[in-house]
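Just so it is clear: chains get the letters A, B, ... in the order the sequence lines come, proteins before strands, and each one is counted from 1.
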Amino acid sequence: MNTECVAMLLAGGQGSRLGSLTFNNAKPAVLFGGKYRIIDFPLSNCMNSDIDIVGVLTQYRPYILNNYIGDGSAWALDQVQGGVHILPPYMGQKGGRWYSGTADAIYQNLDFIDRFDPEYVLILSGDHIYKMDYSKMLAFHKKKEADLTIAVMDVPWEDAHRFGIVNTDEEHCIKEFQEKPEHPKSNKASMGIYIFTWKELKRALLEDAGDRESEHDFGHNVIPALHANEKRIYAYPYSGYWRDVGTVQSYYDANMDLLDVNCDFDLSDRNFRVFSNNTSRHPQFIGPQAKIRNSLICDGCIIFGKVENSILSHDIVIHKKTSLKNVIVHTGAIIEDGAILENCIVGARARIKGDARYITDTTDTTPEIHVINS
Amino acid sequence: MKNAVGLILNVDGEDDSLKDFLQHRSLSTLPFGGRYRLIDFTLSNMVNSGLSHIGVIGSHKYSSLVDHLGTGKEWSLSRKTQDLSILSGSNNYHIGRLIKVNLRNLQNNRGFLESTTAEHVLIATPNLVTTFDFKNAYDIHLKNDSDVTLIFKKDDPLYHLKDNDLYLDFTKNRVSGLHYKKEHSTGHFFTEMFFIKKTLLIELLDLSERTGDWDLMDMIKQNIDTLRVFGAQHTGYIKRVNCLENYMKTSMDLLEYEIMQELFLGKNSIHTKIKDNHPTLYDDPSQVSNSIVGSGCTIDGTINHSIIFRDTHMNFGSHIQNSIIMQRCEIGRNVNLNYVVMDKDTKISDHTTLVGKPHAPIVLKKGTVI
């Protein structure tokens, strides 16, 4: 078992900007790309990076998430002593409280990390779609003898004002942070992925916990404090596909990227696999009159209608004389005879009546993506 | 069904038409229906009916069975309360008629029978395509204090009949006679699934060790007057896969929605080994109709009336119809296939055309490269 680096995955957020997709479900457990859930990406990354110990911090609507993670075997995280551990808020001798911020969530689980006594701690969040070998980032962190390494990527200059921006010197040492700056000095955006040297993180968290003014957030409090204390903070340059799927539009766009032949994000790449927790289902049944073009379809689907440029999760029934175009359909939905859907998301187990018409107004250049739940 | 254990046999004798598929596997692990192996049906039916201890007898071609069943986790059979035993078969040789239930196979596995406290054994073959709840048959078995309860199908031959296939004769609801195909047909076909009292099974096993006659069904047939033998009817879909033509026909049956529904969309599902594949990508332009498709495929071409297993890749301009393409096959550009069965890991290069016949499809062995 590799105890050099323990990963802590922040999975407690509500994800309120995803609207009804997170009414009953924590954001990391939201379906993505048909069969996946968002948390598959960081967990698979851990597996592909030889990280054996992962603590998953849960808080909001954890049932589906906990059930999905199970014993971690889907991501080869079912070791006898390490593996995946679900860490909800808990009661102690002096009572208990919810996790009040990202840093607080880790602070409340210092004991957990201490059990493994690692050299380094990797902090991840459960709302990004990307593939990354964290072991390379760890090697960078060690080489730089850093106290903290933040993964960064170049974003288009015109978007830089929406991100946390870092300014570095030629050695990738971070000199300045700008949170969503009006006038960004660089286009290196933080990806919300941190590697801390454990003793520095522990010291910083203990200090932060004693600060009554603090919101106990990594981005707002802990990292600026380390910066102010002149700790060694480096930016690890990442290039490749990375998407934040925090809003309905960005979630929809990232899904649709999977259908774009020009997009280099490949779920079928055998060299860097994305794993998910599967249950046994029958294969897809494609009826005599079905028409399917440029779509991703999962096991358990039964299709009699027309499906174009769409992503279908498990156990979906598409009746005849239906038409789906640019649609994401979640598990167990039923689309009845005659329904026509375009540019929308159909929620899990929704039943769409045959007279349903969701057709995009072609004059609208940025149509809003509807999430349909009944 | 706490008082019963399940026992899945291996099939004695393999039809020549299937020999290309069965070089490295037994009939029980023949791929079927886009993602299954034949044994999944019998095994899942047993689990779904509430049996919690199941033994599977392997043939000498073990590795595919062990690889497929593993610890039995996918069938919920790796719990402290439920388990799966993979048992060793015997090296059977036969002269003349094949033996339907060969007690030699049980000879090595007395421990499996003796270690259980269950009083009844449900025996079934692994090549039956059906969904069946054994509870009703078990009730008949218990209610009548039967020694043996045979599950039968009325009026509908499940398969190409062989010399060792049996028919049931009834006097009221009691089975009063068993007949081989050659003798005469009563229209009640034995489905190769039955309950038997464990004490009787062990008794007959002892007897066959003394006499050298290992044919269990024949022993039941000889003693039909003294044994309490009853029948339980199977009213749903059931087919036995025992030759290539039957394999083709039964596979293509799945493309009829009613049969697909009965087999896969009922309240109990057929479990199989889980693979973690990406969703199937239907490229643009692809045209797929009336087919079954597994996960992890990329499809760029036309498919009609076919069964495509997991992880198959098909390239632009190709056309597949009336065919079965097993796991991890690669099909090049502008390939034309009609009535072809491709075993696993087969590759077909660009511009190849293969056309078989409905009753004699072209079979490509595992790993063939054309």
Side-chain angles (χ1 to χ4, degrees), chain A residues 31-36 40 44 47 71 73-76 255 258-261 265-270 273-304 306-317 320, chain B residues 32-36 40 44 47 73-76 131 254-257 259-261 263-266 268-300 302-313 328:
Chain A
L31 288 162
F32 183 85
K35 64 175 272 192
Y36 303 93
D40 285 332
S44 299
M47 202 215 74
D71 66 353
S73 55
W75 306 272
N255 269 282
L258 299 173
L259 296 175
D260 182 353
V261 286
F265 194 65
D266 182 8
L267 292 172
S268 61
D269 179 6
R270 291 266 153 189
R273 293 187 65 182
V274 179
F275 288 99
S276 66
N277 193 352
N278 296 261
T279 49
S280 180
R281 291 178 164 90
H282 63 81
Q284 301 159 31
F285 180 85
I286 314 295
Q289 262 79 52
K291 281 205 168 61
I292 303 172
R293 290 180 66 183
N294 198 35
S295 294
L296 279 174
I297 300 178
C298 298
D299 285 339
C301 286
I302 294 170
I303 300 168
F304 289 102
K306 192 172 145 199
V307 177
E308 193 179 334
N309 213 41
S310 295
I311 297 178
L312 271 51
S313 190
H314 293 298
D315 301 334
I316 291 157
V317 184
K320 55 185 192 294
Chain B
F32 181 83
R35 64 177 299 169
Y36 303 95
D40 292 340
S44 301
V47 170
K73 190 178 166 194
E74 273 95 349
W75 295 267
S76 301
T131 49
L254 302 179
L255 300 177
E256 283 174 38
Y257 189 55
I259 294 172
M260 165 87 188
Q261 256 181 321
L263 288 175
F264 299 117
L265 305 181
N268 290 320
S269 52
I270 303 299
H271 309 284
T272 190
K273 185 178 175 181
I274 293 170
K275 295 266 168 64
D276 194 351
N277 293 317
H278 61 86
T280 284
L281 175 65
Y282 293 81
D283 248 323
D284 198 13
S286 70
Q287 220 179 336
V288 180
S289 64
N290 202 25
S291 294
I292 281 176
V293 182
S295 57
C297 299
T298 50
I299 291 169
D300 193 354
T302 309
I303 299 175
N304 183 28
H305 203 257
S306 294
I307 294 177
I308 314 293
F309 283 65
R310 299 185 276 204
D311 277 327
T312 286
H313 298 275
R328 283 194 305 274

Identify which part of A:S310 has an atom lying under 4.5 Å from any heavy atom of chain B, answering side chain, backbone, both or neither.
neither
Identify, with sequence neighbours excluded, every residue that meets side chain to side chain contact (heavy atoms under 4.5 Å, CB included) alongside A:A290.
A:I286, A:I303
State plainly whether the residues B:R310 and A:D299 are in salt-bridge range, i.e. N to O under 4.0 Å.
no
Restricting to non-hydrogen atoms, name the atom on B:E74 and the atom on B:I274 that form the minimum distance, rounded to 0.1 Å.
OE2-N, 3.0 Å
Taking A:D315, A:L312, A:N278 one by one, which has the highest count of heavy-atom pairs under 4.5 Å against chain B?
A:N278
Any idea which of A:G300, A:G34, A:S276 has the most non-hydrogen atom pairs under 4.5 angstrom with chain B?
A:S276
Aromatic ring proximity B:Y257/A:F304, centre distance under 6.0 Å:
yes
Distance check, rounded to the nearest 0.5 Å: B:H271 atom NE2 versus A:R281 atom CZ?
12.5 Å
In terms of heavy-atom proximity below 4.5 Å to chain B, should A:I311 be classed as side chain, backbone, both, or neither?
neither
Residue among A:R273, A:K291, A:R293 with most heavy-atom pairs under 4.5 Å to chain B
A:R293
Interface moiety of B:Y36 toward chain A, non-hydrogen atoms closer than 4.5 Å
side chain
Minimum heavy-atom distance between A:V274 and A:L267, given as atom pair plus value
CG2-CD2, 4.1 Å
Cut-off 3.5 Å, no hydrogens considered: what does the side-chain donor-acceptor table look like for residues 288-296 of chain B, sequence neighbours left out?
from	atom 1	to	atom 2	distance (Å)
B:S289	OG	B:N304	OD1	3.2
B:S291	OG	B:S289	O	2.9
B:S291	OG	B:H305	N	3.4
B:S291	OG	B:S306	N	3.2
B:S291	OG	B:S306	O	3.4
B:S295	OG	B:N277	ND2	3.2

At a heavy-atom distance under 4.5 Å, which candidate from A:C298, A:A74, A:C301, A:S268 has the highest pair count against chain B?
A:S268
Heavy-atom distances under 4.5 Å only: say whether B:K275 touches chain A with side chain, backbone, both or neither.
backbone
B:L254 versus chain A, the contacting section by heavy-atom distance below 4.5 Å:
backbone
